[in-house]
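Have a look at the structure below before the remarks.
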Amino acid sequence: MTFLKLENLKVYYPVRGGFFKRVVDNVKAVDDITLELKEGETYGLVGESGCGKSTTGRTLLGLNKATSGKIIFNDVDLLSLNRREYSQYRKDIQMIFQDPYSSLNPRKRVIDIIAEPIRNFEKLSSKEVKRKVQEVLEKVGLSPESIYKYPHEFSGGQRQRIGIARALTLNPRLIVADEPVSALDVSVQAQVLNFMKDIQKEFNLTYLFISHDLGIIRHMCDRIGIMYKGRIVEQGTTEDIYENPQHIYTKRLLSAIPDINPDNRDKHMAFRKQVDAEFNNSFNQYFDTEGKIVDLRPLSETHSVALP
Amino acid sequence: MSKQPLLKINNLSTSFRIGDDYYAAVDDVSLTVNENEVVAIVGESGCGKSALALSIMQLHPQERTKMAGEVLFNGKNLLSLSVSEMNKVRGKDMGMIFQDPLTALNPLMRVGQQIEESMKNHLQLSDAEMKKRSLELLNKVGIPNPERTYMQYPHELSGGMRQRVVIAIAIACEPKFLIADEPTTALDVTIQAQILDLMRDLQSQMKTGIILITHDLGVVAEMADKVAVMYAGEIVEFADVSTLYNNPLHPYTRSLFNSIPSAAHGQDRLHVIQGIVPSLKNLPRTGCRFSERIPWIDSATHEEHPALHEVEKDHFVRCSCYQHFHFPKDAEDLKYDIS
Amino acid sequence: MSTPIVEKNNISLQQQKTPSGFSVIVREFAKDKLALFSLVLFLGIVLYVYIYSFMLDQEAITRVDLFNIFAEPSSVYWLGTDYGGRDVFGQLIIGARNSLTIGIVITVLTAIIGLVLGLLAGYFGGWVDNVIMRTVDFILVLPTTMIIIVFVVIVPEFNVANFIFIMSIFYWTGKARLIRSKTLAERELDYVSASKTLGTPNWKIMLFQVLPNLSSIIIVNMTLNLAGNIGIETGLTYLGFGLPESTPSLGTLISYSSNPDVMENKWWVWLPAALLILVMMLCINFIGQALKRAADARQRLG
Amino acid sequence: MLKFIIRRFLVMIPQLALLSILIFLLAKAMPGDALTGSMQANPNLDPKVFEELREKLGLNDPWYEQYGRWIGNLFQGELGMSYIHKVDIADLLGDRMANTFWLGLVTLIFTYLIAVPLGVVAGRWNESWADKLIVGYNYVSFAIPLFVFALIMLFIFGFGLHWFPIGGSVDVTVEKGTFAYFLSRIHHLLLPAITAALLSTVGTIQYLRNEIIDTKLKDFVKTARAKGTPEKKVYSRHIFRNSLLPVAAFLGYDIVFIIGGSVFIEQIFSYPGLGQLFISSINQRDFSVVNILVMLFGFLSILGTLISDIILSIVDPRIRID
Amino acid sequence: SGKKSEGQEGQGSEPELVDPSSFPKTVVNEETEIDGGSLTYALVSDTAFEGILDYAFYESSPDAEVISFFAEPIFAYDANYQITNDGESAAKFEMSEDGKTMTVTIQDGVTWHDGEPLKAEDYAFSFEIIGHPDYTGVRYGDALISGIVGMEDYHNGKADTISGIKILNDKQLTITWEEANPSLLSGIWSYAEPKHHFEGIEIGDLASSDKIHTDLLGFGPFKVTNIVPGESVEYEAYENYYGGAPKLDSVVLKVVSPTTIGEAIKKGDVDIASFPTDQYDKDYVPTNFQYLADMDAAYTYIGFKLGHWDAEAGVAVQDKDTPLQDVKLRQAIGYAMDNKSVAERFYQGLRVPATTLMIPFFADFHNPDIEGYSYNTEKANQLLDEAGYKDVDGDGYREDLEGNEMVFNFASMSGGETAEPLANFYIQNWKDVGIHVQLLEGRLHEMNSFYDRVEGDDEAVDIYQGAWGTGTDPDPYGLWSKLAPYNYPRFVNDKNEELLAAGHSEDAFDQEFRKDIYDQWQQLMVDEAPVIPTLYRYYLMAVNNRVKNYSIEAGSELGWEDVAVTAEKAFVEE
Ligand SMILES: Nc1ncnc2c1ncn2[C@@H]1O[C@H](COP(=O)(O)OP(=O)(O)OP(=O)(O)O)[C@@H](O)[C@H]1O
Ligand SMILES: Nc1ncnc2c1ncn2[C@@H]1O[C@H](COP(=O)(O)OP(=O)(O)OP(=O)(O)O)[C@@H](O)[C@H]1O
Ligand SMILES: [Mg+2]
Ligand SMILES: [Mg+2]
C-alpha cells in the first residue's frame with residue numbers, strides 16, 4: 001500500500017495578458033514531479049526560492065488546484081474526489097506553516113484556534129472541547145491556562161507550537177511543514193525542531209519537510225528531494241545527497257552552505273569556486289533540447305538523479 | 001597595534017525614548033575595527049546589533065534618541081559632529097549595506113541615479129564621469145549587464161541583484177569603512193554565497209574595515225576576522241574568529257553554537273536557549289543579563305553586573321561563571337519553556 | 001515523549017503581554033484627552049438629542065405662528081423662530097435627530113452592503129469578484145450627485161427612509177472596495193489556509209476568521225464616514241433637493257441662510273445648526289483618529 | 001500603454017451604454033415634462049397646442065422608441081435639441097463647458113497650490129504647531145458645509161470688499177478675444193475657484209501628510225542619509241518626491257470630484273456652467289439636456305479615473321499598464 | 001424651553017403695515033440728468049436666462065425682459081393694457097364696424113436696427129411664423145391667433161398663406177377674424193418679426209437659429225451689441241429709434257441671483273432690479289435706492305377637486321365622490337383661512353387678501369364691493385354645524401355626515417420661501433374649525449409633479465393651492481369654463497358657462513355690459529366657491545436713486561428711451 005504518492009503532478013499558474021486578459025502563458029510552478037513518501041519518514045524538499053516547494057505542499061493539501069497528475073494517499077487519488085469525499089482525508093493531512101505570526105488568527109484566543117478543527121469534525125460540548133484543547137496544549141508543552149490568551153502574547157516558538165497543536169488535534173498522519181522555522185531565531189528554531197522530532201515519534205507522523213536551509217534538512221530528514229524550477233533534480237537518502245551528490249545543482253547548493261568551521265574557510269571557498277565553475281560549464285548537460293530538466297533516473301535503490 | 005585603529009568605539013550607549021523614558025538598546029559598548037579587518041557582530045534578534053550600526057552612522061531619529069560615549073573614526077569623534085559635518089563622512093568614508101535590499105532602494109529612482117547620488121554628495125565629477133564610474137561599480141559587484149541595470153528601477157531586479165546594487169551604492173566613494181547589516185539574510189543560500197564572495201573580494205581589494213552584522217554563525221565563520229557576540233545591548237564575548245569558534249566561553253555563545261543544526265552533526269536533539277530576548281523596555285538592567293535564561297543556575301550569584309574582561313589574549317568575556325558553566329543533561333527543551 | 005513538566009518560570013513572557021482590542025482603545029482615549037473629550041461630547045449630544053427629541057411635540061414645533069416670525073432668541077424660544085414663526089431650538093433638536101439617524105443608518109447600511117460584497121469579492125475572487133467589482137466600477141463612474149438629484153425628483157414620497165435608501169445605493173462602493181482589498185490581503189495570510197486545511201467551510205472562514213480582522217478598519221472607516229454622512233443632506237437641501245421642511249433637518253435649517261437677510265441678521269436660524277454639524281463632525285473625526293491609532297497599534301502588536 | 005487605453009475605452013462602452021439607459025429611464029420617470037412649465041405660464045393658450053407639440057417633439061412615443069432615436073442620433077454625433085433653450089445641445093453646452101472647464105482648472109490649480117505646501121509642511125514638521133494648525137484647518141474645511149462657506153465668501157469678498165464680481169463668467173462690456181476679456185474671465189473665476197479649492201484640499205493634504213510621515217521612516221531614506229545626502233536633499237529628492245508623485249495621480253479623481261462639486265459652486269456663484277445648467281434643466285424637465293449632461297459627466301469621470309491610472313503608471317515605475 | 005404656551009400666541013404686536021399702493025410707480029428724481037451714461041439692469045433669477053430672444057418663441061419671463069430692451073410691440077398700450085392709437089407707437093390701427101377686421105398702418109421712420117424700415121409684411125410674418133405647421137413655440141393656441149380667417153387651414157398645411165391677413169402695401173395690412181372678440185384690444189398679437197433677417201431659414205429651424213439667440217434684430221430703443229449667453233447682455237442706444245434717440249448710451253443687463261440681489265442693489269452694483277418680496281424688510285429704509293410697486297397680474301387660490309377631465313369629450317365632469325361637493329363645506333373652508341394675517345405677517349403687506357377671481361389689476365372689472373371670504377371662524381363653524389359636520393368622536397376634528405372620519409389631502413407647490421409654512425398655516429386654520437386637512441404625502445410638491453397630479457385629476461388630491469398669472473386679458477373663460485382644461489377643480493355650473501360665454505360675446509364690446517356680466521360672475525364664483533382666491537400680489541422694483549424717468553405704470557409714456565441717469569455712478573448705501 002502506498003502511503004502517499006505524487007504522480008506526474010503539475011501545477012500551473014495562468015499568466016494573463018494581452019488585450020482581453022486572456023491566459024497567454026503559464027508559470028509552471030510544479031512541472032511534472034513524481035515522488036513517494038513512506039509512512040513515518042521525513043521527506044525533505046529543498047531548493048532555491050521560487051522553485052515550487054510551497055506549491056507542491058499546498059497542492060497536497062488542496063489549497064492549490066493541480067493542473068494534472070495524481071495525489072495518491074492510501075491508494076486513493078485525492079484529486080479525483082469531490083469535496084465531500086475529500087473531507088474525510090482532510091484530517092489525515094495537515095500543515096505547519098512558515099510564519100507563526102500570520103498562521104494564527106490574531107483575533108482568536110488560543111482555545112478558539114485549537115478548537116477550530118474539533119468543532120468542524122466533532123460534536124462536543126464546550127466543556128469537552130475545552131478539556132481536549134487543554135490536553136493538546138499540555139502535549140505541546142504549553143500551560144493549560146494559556147487557552148484564553150491571544151497569539152501575540154506568545155513567543156514565536158510557542159506560536160509555532162500552537163499551530164502544531166492545532167494540526168495535531170485531528171490526529172493527522174501526514175504533516176506538510178513548509179519552512180516551519182525559517183522565520184524564527186536560531187534559539188527558537190532549535191526548540192521547534194526538537195519538538196517536531198518528539199511528536200513524530202509519539203504520533204508516528206510522516207513529514208513532508210520543506211526548507212531551503214540545508215543544515216536543517218540534514219538534521220531532520222530521512223530522504224531528500226532537490227527541486228529546481230518546478231522539477232525534482234535529485235532524490236535520495238540524506239546520506240546519498242550529502243555524501244554523494246550527483247546533480248550539479250545539488251552540488252552547488254551544498255557548496256553554498258557556509259562552513260561552520262572558520263579554519264576551513266579557504267578550502268571551502270576554493271571548493272565552491274570549483275563547483276560554480278563546473279555548474280557554469282556543464283549546465284547544459286543537465287537539460288534536454290527544450291531546456292527542460294530531464295526525468296529522474298535511478299542510480300541505486302534509494303538514489304535517483306535527473307541525468308540524461 | 002601601533003597604527004591608529006580605523007574605528008574605535010568607546011563606551012557607546014544608545015537609548016530610545018519609549019513613552020516618557022529612555023531605554024538603552026546599546027549599552028556601554030566598546031569595539032575596535034582596524035583597516036582591512038572584518039568584525040562580525042552576532043546575536044539573537046533584538047539584541048541591539050542594528051542599533052549599534054545605526055549609532056555609528058548616526059542614523060537614528062534624533063528627537064527620540066540619546067547617545068553617549070565616543071565613536072572615534074580616524075581619531076575624530078563622530079558623536080560630536082554636526083549633521084552637515086557628519087554628512088561629509090557618511091557615504092564618503094563609511095558606507096552601509098542594509099538588510100532588506102528592496103526597501104533600502106528608492107522605488108521611484110533609477111538604479112544609476114541612486115548610485116550617483118553618493119558621488120554627487122562627495123566627489124566633484126562630471127555627469128559622464130559619474131556614469132562611467134557607476135557602470136564600473138555595477139560591473140564590479142557582478143552585475144552582468146551594467147548598461148541595462150543602470151537604467152532600471154529596483155523592482156525590476158531580483159533580490160540578489162538588488163543587494164549588489166545596495167553594495168555598489170555603499171562602495172561608490174570607496175569608503176575606508178563599511179557596515180553590513182545582515183546583508184544576506186533575505187537571500188537564497190546560493191546567492192548568499194555569491195554576495196559573501198563579492199564582499200570578500202571587495203574587501204581584499206580596497207582594504208576596508210568592515211562591521212558585519214548577522215545571526216548566522218556559518219556566515220561569520222566564512223567572513224569574519226574577529227567576532228563580537230552581543231546580548232541585550234551588551235557585548236558578552238569578543239575574540240578573533242578561530243579562538244571563539246574553537247573555544248567559546250560565554251554561556252550565551254556556547255548556547256548559540258549548540259542550537260544550530262549544522263554544528264550539531266548527528267546529534268538528535270539541539271540545544272534550546274530558554275525564553276526569548278527580552279524587549280527593550282523589559283531588559284534586566286541589573287546583574288547578569290543572560291542569567292535569566294539559564295534557569296538551572298542559581299541567579300543569586302549573578303546579581304552583580306559582570307564586566308567584560310580579557311581571559312586570554314584578545315579574548316574578552318562578560319561572565320563571572322564561564323569556568324564552571326555547564327549544560328545539564330535534561331536542560332534541553334520543553335521543560336523550562338513555560339507560557 | 002513523556003508528559004512535560006510544566007513549571008511556572010515565566011521569564012519575560014508575562015511582561016510581554018500586551019493589551020488587545022478594547023483595552024488598547026481605552027488606553028488610546030485615556031492618552032488623547034481631545035479624543036476623550038470628543039467622545040464624551042458626542043455621546044452627550046447624541047443622547048440628549050435622541051432622548052429630548054422624543055419628549056418634544058413635533059407638531060407644536062413645526063406649528064406655524066404668524067405672530068412670532070423671526071423672533072429673536074428669548075426665554076420662550078431659546079433659539080428664536082424662523083420665518084414661519086416655528087421654534088428653531090425644537091427644530092434643531094429634531095433636525096439633529098433626523099440628520100444623525102440619516103448619518104448613522106446610511107453608514108451602517110452601506111457598511112453592511114460593502115462588507116458583504118467586499119468580502120465575497122475579495123475572498124472568492126474569480127467571477128464573483130468580477131461581477132461585484134464591475135458593478136462597483138459602474139457605480140463609481142456615475143455622476144452621483146446628479147443621479148441622486150434625479151432620483152429625488154422621481155420619488156413621490158420623500159422622507160428620511162427614502163433619502164437613506166437613495167444615498168445607500170450609491171455610497172457603499174467605496175467600502176466594498178476597501179473591504180475587498182483588505183480581504184484580498186487577508187486571504188493570503190496563512191491562517192486562512194490553515195482554516196481551510198482544518199476543514200472549516202468558506203462562509204465560516206469569511207465570517208469568523210477574516211471578518212474579525214477587518215473589524216478595526218471597518219470601525220475606523222465607519223466613524224470617518226459617519227462624519228461625512230451627518231451633513232450629507234445639507235448640500236442637497238440647499239439646491240432644493242433635500243428633505244421637505246416638514247421633516248426638520250440640520251440641512252434645512254442651514255439652508256435658510258441662503259436668504260441673505262437670514263444669513264446676516266437672523267443668525268439664530270442657521271448658525272446653531274451649522275455649528276452643531278461642525279462640532280459633531282470634529283468630534284467624530286477626533287474619535288476616529290484615536291480609533292485609527294488604536295487599530296494601528298494592534299496591528300503592530302498582533 | 002496604448003493597448004491599455006484602448007481597452008479602457010472599450011470597457012467604457014458598456015458602462016456608458018448602461019448609464020444611458022439608466023438615465024434615460026430615470027429622466028422619463030420624472031413627473032412633468034419640458035412643456036409643463038410653459039403651460040402654467042401661459043394659461044391663455046389652448047392646452048391642445050401643448051398636446052400637439054408633445055406629439056411633434058415625440059414626447060408621447062414609448063420610451064424605447066425615444067431612447068432608440070436618441071442613441072441613434074448620439075451615434076451620429078447629434079446631441080439633440082434642448083426643449084427649453086430650443087438650440088442644439090452642442091451649442092448650448094459649448095460656452096457652459098468652457099466655463100466649467102476653466103473653473104475646474106483654476107480650482108484644481110488653487111487646490112494644489114494650497115494643499116501641497118500645507119501637506120508638505122504638516123508632514124515634514126508633524127506634531128509641530130504648524131502641523132496642528134493645518135490639521136485643524138483640514139478638519140474644519142471638511143466639516144463646514146460648502147454653501148455656507150461659499151455664501152460667506154461671497155458676502156465678504158464680493159459685496160463687502162468688492163474684490164470680485166458677484167456672478168457671471170465674464171463682463172459683457174469687454175470685447176471678446178482681448179486681453180481684458182481674458183482678465184475679466186479670470187476675475188470672475190477667482191472667487192468661486194478659491195472657495196471650492198479651500199474646501200477640496202482635505203484629501204490631498206491628508207494624503208500628503210500621512211505619506212510623508214510614512215516615507216520618512218522608510219529604509220531607503222536611511223540609505224540616502226547613509227550616502228551623506230544633505231538633509232534638504234533627503235527631503236526634496238527622496239521623501240517629497242516619493243510622496244508627491246502619487247498625489248499627481250489624484251488629478252483624475254480630483255477632476256471627478258470637482259466636476260461633482262460644480263453643481264453646488266456654480267449655483268451659489270451664479271456661474272453659468274454645466275452644473276448650473278444641470279439644475280435648471282432638471283427643474284425645467286429639459287430631458288435631452290439632463291441626459292446629455294449626465295452622460296458627459298459620466299464620461300468625464302471615467303476619463304478622470306483613466307487619467308489617474310495613466311499618471312500613476314507614469315510616475316510610479318512599479319505600476320505597469322499594458 | 002422651546003415650548004410655546006397658548007398665552008404667547010398673541011404676543012406679537014400689530015405690525016406696522018406697508019401700503020404697497022402708496023409706493024410710487026415712477027421713480028422720483030429731481031436731479032438733472034447727465035448726458036448719456038450707462039445703466040445696469042438686473043435680471044433676477046437663480047438660473048441663466050434661456051436665451052430664446054424672440055417674442056414668438058420665448059417661453060420664460062427672464063427672456064421677455066431681455067427682449068424688451070431691443071424689441072417692442074408695434075402698438076402703444078393704455079393704462080388698461082389695451083392697445084391705443086394715442087401716444088408714440090410703431091403702428092396705428094383701425095377697427096372695422098363689425099369688430100372683425102383691423103387695419104394696421106406702420107408709421108414712417110420706424111426702422112430695424114440694421115436700418116431696414118419696418119414693413120407690413122414683418123407684422124404679417126409673425127402670424128405666419130406662429131401659425132406655421134412646423135412652428136415649435138407655444139403661441140399658437142391663443143384664440144386671437146387661431147381665430148384669424150384662414151389660420152386653421154394654414155396651420156394644418158392646407159394653405160400656404162393666411163387668407164385673413166392681407167398686405168395692402170409696404171406699410172399697411174388688414175387682419176380679419178372669424179368672430180369679433182372683445183379681448184382683441186388687450187389680447188392681439190402685437191409683435192412684428194424682421195422677415196428680411198430670417199430670410200432663408202425654414203420656420204421649423206427658426207427656434208434654433210442664431211437669429212433669435214445671439215444675432216438679434218429689433219426696432220426698440222436699444223440694440224444688442226454683445227451677449228454672453230445666459231448671463232448678460234450689453235445694449236447700446238439706437239440713435240434712429242423712431243421715438244427719438246435714447247438718453248442713455250448703453251444698458252448692461254445681467255443675471256443676478258435672488259440670493260444676492262439685495263446686496264447688489266445696496267452696493268450699487270445694479271441700478272434697476274425686481275426685488276424679491278420675501279426679502280423685503282419694511283424696517284429697512286433704503287438710502288441709495290427707492291422701491292416702486294405695482295399690482296401683479298396674478299392671484300393665488302385654494303381649489304377643490306370636484307371632478308375629472310373627460311379628455312375625449314373635452315369637457316370637465318364634476319363627479320368626484322367627496323364631501324367637498326357640499327358648498328357649505330367649501331365656504332366654511334374659505335372662511336376659516338386667515339389670509340389677512342398671511343398677507344400682513346408673511347408678506348408684510350406686499351400681498352393683500354383676495355376677494356374675487358377678477359383681480360384688481362383689471363380695475364375696470366374687479367368688483368371691490370364683493371367681500372369674498374374674509375377670516376371668520378364663527379361663520380365657518382356655523383356653516384359646518386348647519387351642514388351637519390359634527391365632531392362625533394371628540395378628536396377635535398369633524399366627521400362627515402355619516403359620522404366617518406373626514407380627512408382631506410392638500411397639495412401645494414414647493415418653491416418660494418414661504419410655501420411650507422403657508423401651507424401649514426392653512427392646515428392649522430382649518431384645524432381650528434375642526435376640518436382635518438393634511439399635506440399630500442406629508443410634503444410640498446415640486447412644480448412639475450404638482451401639476452402632474454392636479455392636472456391629472458389624481459384621486460388623492462382633495463384640495464390644492466394654485467396660482468394663475470392672468471396676463472393682460474381679463475377674460476376668465478380659459479380658466480374656469482367647463483370646456484377649459486385649466487379648470488382644475490373640474491367645476492361645472494350652467495350659470496358659470498352662461499356668464500363666461502357672455503363675457504366675450506359681441507355684446508361684451510359694450511364695457512358696461514361686460515362689467516355687469518363679470519360682476520355677476522364674480523359673485524357666482526364666491527357663492528359657489530369651487531375655488532377660494534386667497535391673495536393678490538404686488539411686485540417690487542428697486543431702482544437706484546440716480547435713475548430718472550423709469551416707470552412701471554401701465555400706459556406710461558415713459559419707455560426705455562426716456563430713462564436717464566443723474567450721476568455717473570450708482571449710489572451706494574450709506
Ligand atoms: N498564486 C500564484 N500565482 C502565480 N504564480 C505563483 C503563485 N504562487 C506561486 N507562484 C509562482 O510559482 C513558483 C513557485 O512558487 P512557490 O511558492 O511554490 O516557491 P517556493 O519554492 O515555495 O519558494 P520560497 O522558497 O520563496 O517559498 C514561483 O515562480 C512563484 O512566483
Ligand atoms: N528607533 C527605535 N526606537 C525604539 N526602540 C528601538 C529602536 N530601534 C531599535 N529598537 C529596539 O532596540 C532593540 C535592539 O534592536 P536592533 O534592531 O538593534 O536589534 P537587532 O539585533 O538588529 O535585531 P535583528 O536581528 O532583528 O535585526 C530592540 O528591542 C528594538 O525593539
Ligand atoms: Mg515557499
Ligand atoms: Mg537588525
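To find a chain, count down the sequence lines: A is the first, B the second, and so on, and within it residues start at 1.
For OH of E/Tyr284, the number of neighbouring non-hydrogen atoms (other residues, nucleotides, ligands) closer than 6.0 Å is greater than 12. Environment of CZ in C/Phe138: crowded, with over 12 heavy atoms of neighbouring residues, nucleotides or ligands closer than 6.0 Å. For E/Gln438, the CD atom sits in a packed shell: over 12 heavy atoms of surrounding residues, nucleotides or ligands are nearer than 6.0 Å.
In this structure, the separation between CG on E/Asn424 and CG on C/Asp65 is 12.5 Å, given to the nearest 0.5 Å. To the nearest 0.5 Å, atom CZ of residue C/Arg63 and atom NZ of residue E/Lys431 are 6.5 Å apart.
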Under 3.5 Å, side-chain donor or acceptor atoms of residues 273-283 of chain C against the rest of the protein: list the pairs with distances, not counting sequence neighbours.
none

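Checked against side-chain contact (heavy atoms from CB on, under 4.5 Å), E/Ser61 has no partners two or more places apart in sequence or in another chain.
If you measure heavy-atom distances from E/Ser341 to chain C, the contacts under 4.5 Å come from both the backbone and the side chain.
Side chains of E/Glu420 and C/Arg86 form a contact here, defined as non-hydrogen atoms less than 4.5 Å apart.
Annotation: maximal heavy-atom pairing with chain C below 4.5 Å, among E/Gln279, E/Gln428, E/His445, occurs at E/Gln428.
Closest of all the heavy-atom pairs between C/Val155 and E/Arg443 is O-NH2, 2.9 Å.
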